[in-house]
Amino acid sequence: MALPIKPRLLKRYRDIGLLLVRYRPLVTDDEADPAEAQRFAADLERLGPTFIKLGQLLSTRADLLPAPYLDALSRLQDQVEPFDFAEVERTFQAELGVRLSKAFVEVDPVPVAAASLAQVHKASLRDGRLVAIKVQRPDLHRRVAEDLEVLGDIAEFADAHSDAAHRLQLRAMFDEFKRSLVRELDFRNEGRNLVALGANLEDFERLIVPQPLEDFTTARVLTLEFVKGRKITQVGPLARLEMDGADLTDELFRAYLKQILVDGFFHADPHPGNLLMTPDHRLALIDLGMVAQVSPRTQENLLQLLMALAEGRSDEVARLGVVIGERTDYFDEAAYRRRVADLVGDTREASLRNLEVGRIILQVSRVSSATGLQLPPELTLLGKALLHLDQVAAILAPDFNPNEAIRRHAPELIQQRLGREFSPGSLFSSAIEVRDFVQQMPGRVNRILDAVADNELEIKVHAVDETRLMSGLHKIANRITMGLVLSALIVGAALLMRVETPIRILGYPALAIVCFALAFGGGLLLLWAIVRDERKAGRS
């Protein structure tokens with residue numbers, strides 16, 4: 001069955017088809033030629049904005065492409081010729097209903113930057129503040145829609161007629177790419193991302209997240225604070241001598257660990273071109289079109305995975321991969337564990353200073369895919385983000401040790417996670433659940449006791465032993481009573497959290513903390529008694 005081709009998009013089908021035919025045999029080759037990989041990136045760049053974004057997505061898929069292709073696509077330059085300033089004025093007025101000359105005192109007609117989706121102009125407000133105006137390219141939506149239509153037809157056809165494409169879930173991959181690109185075309189999403197990231201990183205004094213101006217932001221226009229600075233790739237040796245590159249890199253690394261493992265919302269593309277060095281030696285994070293979110297459960301697994309990688313524990317890395325990932329019908333667990341062990345074992349031979357954690361995560365993703373284990377996309381985005389941070393560290397502080405930084409910051413990250421879990425909102429929710437449990441418990445206990453009193457309680461035993469039976473009933477009653485007492489302590493402690501007292505522990509009312517401690521200790525004793533009795537029963 002042939003691919004259904006729409007005549008109006010014939011040229012686009014031809015261009016994409018030539019690309020697929022030319023590079024298909026190379027993509028599966030682990031020893032791919034770096035020069036050929038660079039040509040592949042250049043060809044994607046020539047095809048326009050949709051394919052530049054596709055290349056950025058593919059740079060996170062270590063399970064699909066070999067290392068030379070990942071490197072080439074990670075450095076894909078999103079720089080194109082600027083469009084005419086008259087188009088900027090036309091788009092701004094169409095979106096906001098006001099001319100540029102009325103909204104701003106001065107606008108520089110020469111763009112600060114020109115990319116595939118938009119270009120940026122420097123302007124000044126009437127109160128003297130400098131801003132950056134990001135305006136979307138004209139006719140961009142139509143061009144992207146046509147490209148997505150062609151790519152969708154190809155992905156659907158391949159998914160239906162190729163076992164390899166079906167195994168890689170090519171159609172699902174395309175749908176995710178389409179959703180991501182459509183979100184990025186709406187600049188209001190990037191504005192919201194800037195606000196959220198700025199709030200999450202407000203305690204990091206040496207990091208800057210420019211904030212948007214809501215009154216001048218629409219789907220096709222984003223106006224934000226102007227940050228004066230240079231890309232860190234343009235910072236010269238003398239400028240590096242004037243700053244503390246090690247502390248700056250450590251703060252950036254700690255900020256990203258917090259984003260990923262505590263906030264669950266992180267800037268997924270921190271390559272050197274998206275980081276500006278300001279004159280006062282701070283770092284500004286720009287271009288938040290690509291972000292990722294991580295669920296709380298995945299955060300815990302990622303933290304454990306990073307610690308296991310940092311300490312070279314291959315068995316734990318393999319186990320966590322299975323926990324995080326999804327097994328396919330052709331998953332070869334023995335091969336997977338063996339290859340992960342080999343990979344992590346090879347890293348032990350490397351110097352810690354030369355160890356790239358991000359690259360190892362991408363390699364683990366590649367091994368997992370090859371053996372039939374599908375890891376979540378958050379893991380590859382984490383790998384790419386850490387790989388970019390490794391590149392930033394090589395520029396600002398060549399002696400920076402990411403493994404040591406992970407181990408050093410792990411206790412702080414765990415404390416922050418626990419702090420979020422024990423926030424007033426979560427405690428209030430837990431108190432409601434405990435209250436419901438306590439309210440329902442007496443009725444349930446009464447029904448059990450009534451059944452016992454009326455001789456309606458039936459217990460199936462292999463042999464009747466009246467002494468052991470009564471002893472068991474006493475234990476059940478004691479544990480139920482203890483459970484009620486512990487529940488009352490928890491509810492009381494939760495209510496006392498709202499009572500202000502002069503004596504506080506860890507910032508919370510002392511009496512509430514004491515009640516929580518008693519409940520915790522009692523719970524441990526009850527759990528220990530249950531485990532002890534179970535072991536005795538197992539031996540008898």
Side-chain angles (χ1 to χ4, degrees), residues 74-75 112-113 130 132 194 196-211 224-263 265-288 303 306-307 309-311 350-361 382-416:
S74 295
R75 294 191 295 268
V112 176
L130 294 178
L194 288 166
L197 188 64
N200 291 340
L201 300 184
E202 61 181 356
D203 293 334
F204 294 84
E205 296 180 355
R206 302 180 69 179
L207 300 182
I208 301 173
V209 181
Q211 294 300 290
L224 62 158
E225 298 168 345
F226 183 82
V227 179
K228 185 178 180 181
R230 294 178 294 172
K231 294 182 179 181
I232 61 172
T233 52
Q234 299 172 346
V235 177
L238 292 178
R240 293 195 191 103
L241 292 176
E242 297 174 357
M243 64 183 182
D244 191 341
D247 284 350
L248 189 58
T249 303
D250 186 71
E251 182 161 348
L252 178 66
F253 199 86
R254 182 165 60 92
Y256 269 88
L257 290 177
K258 177 181 181 293
Q259 290 176 55
I260 297 165
L261 302 174
V262 178
D263 302 327
F265 171 85
F266 67 98
H267 181 203
D269 195 24
H271 66 76
N274 281 343
L275 295 173
L276 298 182
M277 177 69 69
T278 65
D280 58 352
H281 300 145
R282 293 192 293 170
L283 286 177
L285 281 65
I286 61 174
D287 192 2
L288 260 70
L303 177 57
L306 283 176
M307 291 298 298
L309 281 171
E311 297 173 359
S351 168
L352 286 177
R353 298 190 185 279
N354 297 328
L355 186 61
E356 295 180 325
V357 180
R359 190 177 298 280
I360 296 171
I361 291 177
L382 168 63
K384 180 184 178 184
L386 292 177
L387 183 60
H388 283 321
L389 291 179
D390 290 336
Q391 296 169 356
V392 172
I395 297 172
L396 298 179
D399 292 333
F400 180 74
N401 185 342
N403 273 3
E404 192 274 332
I406 291 173
R407 289 193 295 267
R408 186 174 66 254
H409 295 308
E412 178 187 357
L413 295 170
I414 294 172
Q415 183 179 0
Q416 291 178 355

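Heavy-atom basis, side chains included; hydrogens, waters and symmetry copies ignored.
Considering CD1 of Ile286 and NE2 of His267, their distance stands at 8.5 Å, rounded to 0.5 Å. Note that the CG atom of Leu283 and the CG atom of Leu275 stand 6.0 Å from one another [nearest 0.5 Å]. The CZ atom of Arg206 sits 10.5 Å away from atom CG of Leu252, with the distance rounded to the nearest 0.5 Å. Atom CD1 of Ile208 and atom CD of Glu225 lie 9.0 Å apart (nearest 0.5 Å). The OG1 atom of Thr249 sits 7.5 Å away from atom CE of Met243, with the distance rounded to the nearest 0.5 Å. Taken from CG in Leu201 to CG in Asp263, the straight-line distance is 7.0 Å, to the nearest 0.5 Å.
Among residues at least two apart or in separate chains, ring pair (Phe, Tyr, Trp, His ring centres under 6.0 Å) pairs with a member in residues 231-260 are Phe253-Phe400.
Qualifying salt bridge (charged side-chain N to carboxylate O under 4.0 Å, His left out) partners for Arg230, counting only residues two or more places apart in sequence or in other chains: none. Take Arg254 and apply the side chain to side chain donor-acceptor pair (under 3.5 Å) test, not counting sequence neighbours, and it matches Glu412.
The closest side-chain heavy-atom distance from Leu224 to Gln211 is not below 4.5 Å. Counting only heavy atoms from C-beta outward, the side chains of Asn200 and Gln259 never approach each other to under 4.5 Å. No side-chain heavy atom of Leu248 sits under 4.5 Å from any side-chain heavy atom of His281. Contact of the Leu396 side chain with the Met277 side chain is registered, since non-hydrogen atoms from C-beta on lie closer than 4.5 Å.
The two atoms that bring Pro210 and Val227 nearest to each other are CB-CG2, 3.9 Å, heavy atoms only. Here the closest non-hydrogen pair linking Ala385 and Phe266 is CB-CE1, 4.4 Å. Closest approach of Pro398 and Ala394 over heavy atoms only: CG-O, 3.6 Å. In plain terms, the two heavy atoms of Leu197 and Phe265 that are nearest each other are N-CE2, 4.0 Å.
Just one residue in the list Lys228, Arg282, Lys231 forms a side-chain contact (heavy atoms from CB on, under 4.5 Å) with Leu276, and that residue is Lys231.
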